[in-house]
Amino acid sequence: MYKPRFNMKRAVLVFRQFGNKGYSLFACLGREVVCSVLSVTTLTYASAESISTHPVVTDSAAMTTAREMVLEEVSVTGSRAPLTKSQAARMVTVLDRADIAQAPVQSVNDLLKYAIGVDVRQRGPIGAQTDISIRGGTSEQIILLLNGINICDPQTGHNAMDLPVDLSDIVRIEVIEGPAGRIYGTSSLVGAVNIVTDVRDQSLQLHAEGGSFGYGNVGARYSLTSYLSPLTSSFTSSFSANYSRSDGWSRSKAGRLNTDFSGAKGFYQGRYEDDAMQLNWHLGLADKGFGSSTFWASPKWQADEQYEHTTKWFSAIQGRTKRGLLHLNASVYWNQNRDRYEGYRGQAEKMKYNYNRTDVYGVSVGGYFDWRAGRTAFGAELRNEDLVSGNLGEPLSQTHHIKGTDRDYTLGVNRTNISGYLEHNILLDQVTVSAGLVAVKNTWSNMNMTVYPGIDVSYRPTSRWKLHASYNTSLRMPSFTEMYYKLQGYSADPHLKPEEMQALELGGTIHYSLFTIHSTFWYHHGSNMIDWIMDTSKGDEAEWQSVNHTTINSIGLEAGAQLSIVNYQISINYSYIHQDKQQEANLVSQYALEYLRHKLVAKAQWQLTKRLSLGVNLRWQDRVGAYTDFDGQVHDYEPYTLVDTKLTWTQTKWKAYVETNNLFDTSYRDYGMVTQPGRWLTAGFSISL
């Protein structure tokens with residue numbers, strides 16, 4: 001459904017060369033022609049410098065091929081410097097606005113299920129609790145970004161998808177598969193997901209939907225643009241708000257709700273732009289409470305009425321220059337994550353609630369410049385992660401009061417990550433080479449400054465073919481939960497080592513007017529990989545322990561095809577993964593050794609009439625791994641097939657739709673003892689004014 005973007009264009013007659021050459025189209029006019037409005041009017045939304053949507057602006061000092069800009073292209077690339085899609089040396093999977101509109105989903109989490117290299121494991125639907133991983137990794141091993149800003153929670157990756165944005169805010173989601181250390185530094189061990197929002201022209205959007213299990217969702221979005229002076233500067237703001245809730249699909253043994261959820265989110269984004277610079281800023285809030293059923297239960301602790309409440313704040317200011325030989329960019333951000341976990345819902349006297357608050361501060365400065373040898377990018381980032389907690393970390397010298405309670409935060413951890421990067425891109429007619437390194441030092445582990453290099457190469461023998469190869473490395477610091485969680489059958493190790501990854505990748509894409517075919521082969525060599533394991537031979541004394549596996553070697557294959565004929569679009573994608581580290585007798589892995597060996601995603605989209613369209617999505621998954629039930633019996637995960645559909649009626653200003661998730665009411669498990677919901681029906685509408 002979601003295809004890698006290699007910019008394999010159809011054979012259309014296009015005047016591409018507008019540089020200062022004798023055969024340039026405008027040379028025959030005998031005068032200078034300035035094309036300056038296009039980049040403002042058609043490429044206005046901002047996002048990450050490395051995988052984003054900026055026009056490629058170059059200067060007279062640039063090498064020839066770099067300054068010949070393809071006007072209809074935008075920048076989608078896994079590099080530090082902005083490159084067009086055709087120049088990009090690394091594969092980036094893009095889920096664009098059309099994909100979002102067609103998909104039978106209610107959250108970003110659900111949307112990512114259809115990206116072939118992404119593993120989405122949910123303990124609850126509609127994003128109640130979701131783990132996202134890439135290419136056999138874990139939820140802790142990917143970096144999640146909002147408009148290029150790192151929003152990972154160092155406490156735990158389990159709540160990383162508590163996002164402040166609504167689907168209507170998003171213009172694209174970009175997925176980089178494989179280590180991205182030289183692009184994003186720590187956390188990007190096996191990949192990155194960048195969510196790009198937009199500040200569009202003035203509009204008002206309203207939407208509402210409801211469905212099975214008491215599900216309801218209402219939201220609104222408003223955008224406003226002010227031109228401070230004609231065609232030279234503008235100020236744009238966008239506001240959105242959303243509320244959703246559900247009774248959940250299951251009940252506890254006592255007959256009470258235990259998978260219900262409710263939450264609200266709000267997001268403000270602004271932009272100022274003139275001829276010399278662009279400033280972007282955002283402020284977001286995500287507040288949610290959800291029944292955690294048996295999400296964190298074990299044979300030793302069989303609680304089925306757990307509950308969790310999270311509150312997250314996101315803020316950032318980003319700026320970039322648009323003139324001169326040296327293009328500079330900078331960002332400052334602050335994210336806060338608050339979490340209250342109830343082992344027994346509403347029964348603090350039975351088990352004290354766990355409270356955590358994480359504040360993350362970051363600042364980065366960088367830039368790039370063009371010269372005869374290509375395009376060079378450089379920069380540095382400082383990121384401070386501070387946790388205060390009731391049960392994670394080391395004793396604090398000074399306690400902090402927990403707002404709304406009679407308790408204090410007594411434990412905590414503080415660490416600072418410092419990184420610097422250097423990258424160079426060689427841009428030729430048929431070849432792009434992007435090579436660089438990141439140097440990283442983290443204060444908590446007392447690690448020395450360590451260098452992680454990478455190189456990506458793409459070759460375009462014709463306009464229809466693209467071949468790519470890469471070698472990349474990365475690292476990840478352990479989360480605070482992996483180092484310190486020691487409650488109810490869990491025992492963490494505070495001396496865990498950072499994970500490290502080396503990866504090779506080879507692939508190619510061919511595109512013709514009606515079809516696209518792509519395939520990729522990859523190899524990962526992971527050192528000191530972190531996982532939670534349990535020795536079931538210990539019976540009632542068994543507990544989950546965080547450990548460093550020595551090494552894990554993985555190989556994988558991804559392949560897919562897409563066919564588009566008039567009113568029909570059909571695509572099919574498949575991935576295969578094999579790891580050489582097998583589970584030992586009596587040992588059960590919770591994450592690292594549980595991966596999707598097989599995943600198949602197929603999509604068919606029909607335009608039935610001018611107004612009516614039908615989409616059918618199929619997913620087949622076969623997971624390696626096992627789980628232990630409350631009786632101590634070990635069960636292998638069973639493969640399953642899910643079919644989702646969406647029927648949409650579209651008018652100029654509004655649309656209405658009916659969605660069905662798990663059409664055939666399949667019973668399946670994606671995590672341990674948590675049975676997933678059956679058939680889920682949703683109906684809704686949206687209006688644009």
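All of these numbers come straight from a predicted model, not from anything done at the bench.
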task = Mark yes or no for whether Asp636, through its side chain, and Ala626, through its backbone, hold a donor-acceptor pair below 3.5 Å.
result = no
ask   = Looking only at heavy atoms, what is the nearest atom pair of Ser458 and Lys466, with distance?
value = CB-CE, 3.6 Å
query = Considering residues, nucleotides and ligands other than Lys441, do more than 12 of their heavy atoms fall under 6.0 Å from its NZ?
reply = yes
ask   = What are the two closest non-hydrogen atoms of Ile176 and Ala180, and how far apart are they?
value = CG2-CB, 4.4 Å
inquiry  = Quick check against the 3.5 Å criterion: does Thr520 have a side-chain atom that pairs as donor or acceptor with the backbone of Gly507?
reply    = no
query = Given the rule in the side-chain contact (heavy atoms from CB on, under 4.5 Å) test, do Ile555 and Ile577 qualify, once you have shown the distances and angles that lead to the verdict?
reply = CA-CA 6 Å; Ile555 59 172; Ile577 300 175; over 6 Å; no
ask   = Using 4.0 Å as the upper bound for N to carboxylate O, is an ion pair formed by Arg597 and Asp622?
value = no
key: Tyr490: which of Trp296, Tyr484, Trp532 passes ring-ring contact (aromatic ring centres under 6.0 Å, His included)   = Trp532
query = For Ile533, does its backbone N or O pair with a side-chain atom of Asp531 as donor and acceptor, under 3.5 Å?
reply = no
query = Is any side-chain N of the basic residue among Arg182 and Asp456 closer than 4.0 Å to the acidic one's carboxylate O?
reply = yes
query = Heavy-atom distance under 4.5 Å between the side chains of Pro164 and Asp169, does that happen here?
reply = no
ask   = So, are Arg383 and Glu381 salt-bridged, with charged N and O less than 4.0 Å apart?
value = no
request  = Could you verify whether a donor N or O on one side chain and an acceptor N or O on the other, from Asn425 and Ser434, lie under 3.5 Å apart?
outcome  = yes
query = Do any N or O atoms from the side chain of Tyr184 and from the backbone of Leu144 form a donor-acceptor pair under 3.5 angstrom?
reply = no
request  = Using atom types as modelled and distance alone, determine if a side-chain donor or acceptor of Glu423 lies under 3.5 Å from a backbone N or O of Leu437.
outcome  = no
request  = Report yes or no: do Gln318 and Arg320 form a side-chain donor-acceptor pair below 3.5 Å?
outcome  = no
message = Tell me whether Arg121 contacts the main-chain N or O of Asp670 through its side chain, where contact means a donor paired with an acceptor under 3.5 Å.
response = yes
query = Got a salt bridge between Arg623 and Asp119, using NZ or NE/NH1/NH2 to carboxylate O under 4.0 Å?
reply = yes
request  = Report the distance from atom CG of Leu557 to atom CZ of Phe521, rounding to the nearest 0.5 Å.
outcome  = 8.0 Å
query = To the nearest 0.5 Å, how far apart are CG in Leu95 and CG in Leu111?
reply = 5.0 Å
query = Is it true that the NZ or CZ of Lys312 lies under 6.0 Å from the centre of Phe314's six-membered ring and within 45 degrees of the ring axis?
reply = no
request  = Ignoring hydrogens and angles, state whether a donor on the side chain of Gln621 or Tyr640 is under 3.5 Å from an acceptor on the partner side chain.
outcome  = yes
inquiry  = Less than 6.0 angstrom from the centroid, inside 45 degrees of the normal: does Arg338 satisfy that with respect to the ring of Trp313?
reply    = no
ask   = Given the side-chain rings of Tyr627 and Tyr637, with only the six-membered ring counted for Trp, is the space between their centroids under 6.0 Å?
value = yes
note = To the nearest 0.5 Å, atom CG of Asp153 lies from atom CZ of Phe480 at 9.0 Å
ask   = Can you name the one residue among Val92, Ile142, Leu112, Ile116 that meets side chain to side chain contact (heavy atoms under 4.5 Å, CB included) with Val175?
value = Leu112
note = One should read off an interatomic distance between Tyr361 OH and Asp359 CG, to the nearest 0.5 angstrom, of 4.0 Å
Worked check of side-chain contact (heavy atoms from CB on, under 4.5 Å) between Arg619 and Tyr114 = CA-CA 8 Å; Arg619 283 186 299 122; Tyr114 301 116; 4.0 Å; yes
ask   = Going through the checks in order, is the side-chain contact (heavy atoms from CB on, under 4.5 Å) test met by Thr358 and Asp386?
value = CA-CA 6 Å; Thr358 308; Asp386 185 79; over 6 Å; no
message = So Asp131 and Arg123, do their side chains get closer than 4.5 Å, heavy atoms only?
response = yes
note = To the nearest 0.5 Å, atom CG of Asn337 lies from atom CD of Glu385 at 10.5 Å
Distance-minimising heavy-atom pair for Glu543 and Ser491 = OE2-CB, 3.5 Å
request  = Under the side-chain contact (heavy atoms from CB on, under 4.5 Å) rule, what do Asn391 and Lys486 come out as? Steps first, then yes or no, please.
outcome  = CA-CA 8 Å; Asn391 72 315; Lys486 294 186 177 182; over 6 Å; no
Reference residue Arg357; test side chain to side chain contact (heavy atoms under 4.5 Å, CB included); the match among Val388, Leu387, Asp339 = Val388
key: Residue among His578, His525, His524 satisfying side-chain hydrogen bond (donor to acceptor under 3.5 Å, both in side chains) with Asn553   = His525
key: Cationic N near anionic O, under 4.0 Å, Arg476 to Glu482   = yes
query = Quick one: does Val431's side chain get under 4.5 Å of Ile426's, heavy atoms only?
reply = no
task = Find the distance between CZ (Phe290) and CG (Asp162) and round it off to the nearest 0.5 Å.
result = 6.5 Å
query = Strictly by modelled atom types, are Tyr368 and Asn329 linked by a side-chain donor-acceptor pair under 3.5 Å?
reply = no
Side-chain H-bond candidate by donor/acceptor type, Tyr574 with His598, under 3.5 Å = yes
note = Of all heavy-atom pairs linking Val190 and Gly137, the shortest is CG2-CA, 4.3 Å
inquiry  = Distance alone, cut at 3.5 Å: any donor-acceptor contact between the side chains of Tyr452 and Glu500?
reply    = yes
request  = Say whether Gln502 and Tyr471, considering side chains only, have a donor N or O and an acceptor N or O under 3.5 Å apart.
outcome  = yes
ask   = Any side-chain heavy atom of Ile195 sitting closer than 4.5 Å to one from Ile170?
value = yes
request  = Measure the shortest side-chain to side-chain distance between Gln129 and Phe295 over non-hydrogen atoms and say whether it is less than 4.5 angstrom.
outcome  = yes
query = Do side-chain atoms of Thr416 reach the backbone of Asn384 as a donor and acceptor pair under 3.5 angstrom?
reply = no
ask   = Hey, are Glu505 and Arg135 close enough for a salt bridge, meaning a charged N less than 4.0 Å from a carboxylate O?
value = yes
ask   = Less than 4.5 Å apart, any side-chain heavy atom of Ser554 and any of Tyr523?
value = no
ask   = Would a distance-only check, ignoring hydrogens and angles, find a side-chain to backbone donor-acceptor pair under 3.5 Å from Ser479 to Thr156?
value = no
message = Given 3.5 Å as the limit, does a donor-acceptor pair link the side chain of Asn548 with the main chain of Asn528, or not?
response = yes
inquiry  = Does either side chain, that of Thr197 or that of Asn147, offer a donor lying less than 3.5 Å from an acceptor on the other one?
reply    = yes
query = Any chance the rings of Trp544 and Tyr485 have centres within less than 6.0 Å?
reply = no
query = For the side chain of Asn194 and the backbone of Gly148, is there at least one donor-acceptor N/O pair under 3.5 Å apart?
reply = yes
query = Are the side chains of Thr130 and Val120 in touch, meaning some heavy atoms are under 4.5 Å apart?
reply = yes
Working for side-chain hydrogen bond (donor to acceptor under 3.5 Å, both in side chains), residues Ser364 and Ser331 = CA-CA 5 Å; Ser364 66; Ser331 64; 2.6 Å; yes
ask   = Under a 4.5 Å cut-off applied to non-hydrogen side-chain atoms, are Lys288 and Lys265 in contact?
value = no
